[in-house]
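Just follow the structure's listing: the first ligand is 1, and inside any ligand the first atom is 1.
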Amino acid sequence: MAAKHSYKFCFGPWNLSEGQDPYGPPTRPAQTFEWKLAQLKKLGFDAMMFHDDDAVPDVDNKSPAEIRKATRELKKKLADAGVAAEMVAPRLWFDPRTVDGAFTSNDPACRRYAIERSLRCIDIAKELGTDLIVLWLAREGSYLRESKNARRCVDYLVEALDKMLAYDKKVRIAIEPKPNEPMDQAYIPTIGHALALAQLTRDPARVGCLIETAHAILAGLDPADEIDFACAFGKLWSLHLNDQNGLKFDQDKPFGSANLRMAFNQVRALERNGYGKRGEYVCFDVHPFRPTKVEHWLAHLDNSRRTFLRLVEKARTFPEKEAQKLIADRNYAALDQLVLEHLMGR
Ligand code: XLS
Ligand code: MG
């Protein structure tokens with residue numbers, strides 16, 4: 001086990017969501033950014049993560065000077081609150097120009113838009129004092145196989161990454177894979193794909209990844225193994241912990257809510273890799289359950305962090321020697337029970 005260290009925590013403004021889903025309207029009133037920042041402070045979190053338009057609303061219709069001004073105003077609010085900006089992610093899935101993909105759209109004008117928007121996102125990140133850009137490649141994929149040339153799309157993705165890397169010599173890009181939703185099939189569904197893509201770029205050392213628990217589960221993978229794999233390459237630069245009950249829509253449940261043992265194993269993987277020691281944050285990409293009342297609006301975030309910290313304790317007090325003996329004896333039934341009893345508390 002790596003030496004013990006403490007963790008820093010983060011969430012995004014979208015994690016205090018209002019409850020709308022494809023079948024119904026919001027169930028809680030919209031709140032201001034100031035309110036969200038105040039809640040983050042109240043919960044004692046350390047940083048906030050942003051989409052480019054969370055940081056600068058209506059970013060597409062603003063001039064570079066207006067973007068700079070809005071970003072500076074935000075920077076001041078964050079500095080006054082003592083909250084860091086963890087990353088900025090271009091929202092490449094909302095605009096009509098991203099309807100058939102952003103970097104991989106069949107329309108060259110739309111691809112140009114996506115790249116331009118990503119460069120503006122880098123400007124915002126720099127101004128906010130973070131070198132980390134997250135790319136959730138939401139619409140890079142297809143609804144039907146014949147509609148796009150998947151081979152060419154790999155080139156488009158590399159071209160976009162290269163433009164971003166060339167634009168700013170310090171920026172680091174963390175790719176956040178997800179196998180489906182909104183697309184039927186995404187081009188970068190797993191960490192293996194993300195890290196392989198990094199190797200094709202002009203500066204592989206500046207392209208890493210972000211693991212989201214629910215996304216790994218949707219790909220049929222164990223998020224703990226994804227964490228170990230990414231860390232073996234020194235490439236896990238951010239993390240979205242949450243939970244997911246099987247293969248259905250992206251649920252973004254509180255961390256540990258669906259599968260506590262899987263959550264425990266993610267924490268064990270983070271501990272053994274010393275995640276956080278190089279300044280990485282533990283972010284919770286979680287949402288309140290739709291029926292949540294206004295007065296319980298923060299619980300999913302607070303609970304996720306509580307569960308995380310309890311599991312850190314569980315990882316640090318795991319009876320390692322006993323486990324090693326059982327492993328040496330190939331007594332996996334006893335090992336299984338040892339884990340369960342450790343989690344339940346004897
Ligand atoms: C959605 C994604 C999104 C990213 C940031 O599923 O998780 O929230 O984390 O663009
Ligand atoms: Mg996420």
Salt-bridge present (Arg91, Asp54; N to O < 4.0 Å): yes
Hey, are Gln251 and Asp243 close enough side-chain-wise for a donor-acceptor pair under 3.5 Å? no
Under a single-linkage definition using a 4.5 Å side-chain heavy-atom cutoff for Ile, Leu, Val, Met, Phe, Trp and Tyr, are Trp35 and Phe11 assigned to the same hydrophobic cluster? yes
Under-4.0 Å salt bridge between Asp168 and Lys126: yes
Do any heavy atoms of Phe50 fall under 4.0 Å from ligand 1? no
Under-4.0 Å heavy-atom contact with ligand 1, by part of Val134 that carries it: neither
Between Glu127 and the options Arg72, Lys76, Arg120, the salt bridge (Lys or Arg N to Asp or Glu O under 4.0 Å) test singles out Arg72
Common cluster, Leu135/Ile191, ILVMFWY with side-chain heavy-atom separation under 4.5 Å: no
Ring geometry between Phe264 and His342 (parallel below 30°, tilted from 30 to 60°, perpendicular above 60°): tilted
Polar protein atoms (N, O or S) that approach the Mg ion (ligand 2) to under 2.8 Å: Glu176 OE2, Glu212 OE1, His240 ND1, Asp285 OD2
Just distances here: any N/O of His51 and N/O of ligand 1 closer than 3.5 Å? yes
Report all side-chain donor-acceptor pairs from residues 254-263 shorter than 3.5 Å, counting only partners two or more places apart or in another chain.
from	atom 1	to	atom 2	distance (Å)
Asn259	OD1	Arg261	N	3.3
Asn259	OD1	Met262	N	3.0
Arg261	NH1	Asp336	OD1	2.7
Arg261	NH2	Asp336	OD1	2.8

Would you say Trp136 and ligand 1 have an N/O pair spaced under 3.5 Å apart? no
Give me the residue, atom name and distance of the protein heavy atom closest to atom 2 (C) of ligand 1. Glu176 OE2, 3.5 Å
Under 4.0 Å from ligand 1, counting heavy atoms only, is it the side chain of Met49, its backbone, both or neither? neither
Hey, would you say the His51 and Trp93 ring centroids sit under 6.0 Å apart? yes
Contact between ligand 1 and Asp285 is defined here as a heavy atom of the residue under 4.0 Å from a ligand atom; is it met? yes
With a 4.0 Å cut-off on heavy atoms, does His215 reach ligand 1? yes
Would you please classify the geometry between the Phe50 ring and the Phe33 ring as parallel, tilted or perpendicular, with 30° and 60° separating the classes? tilted
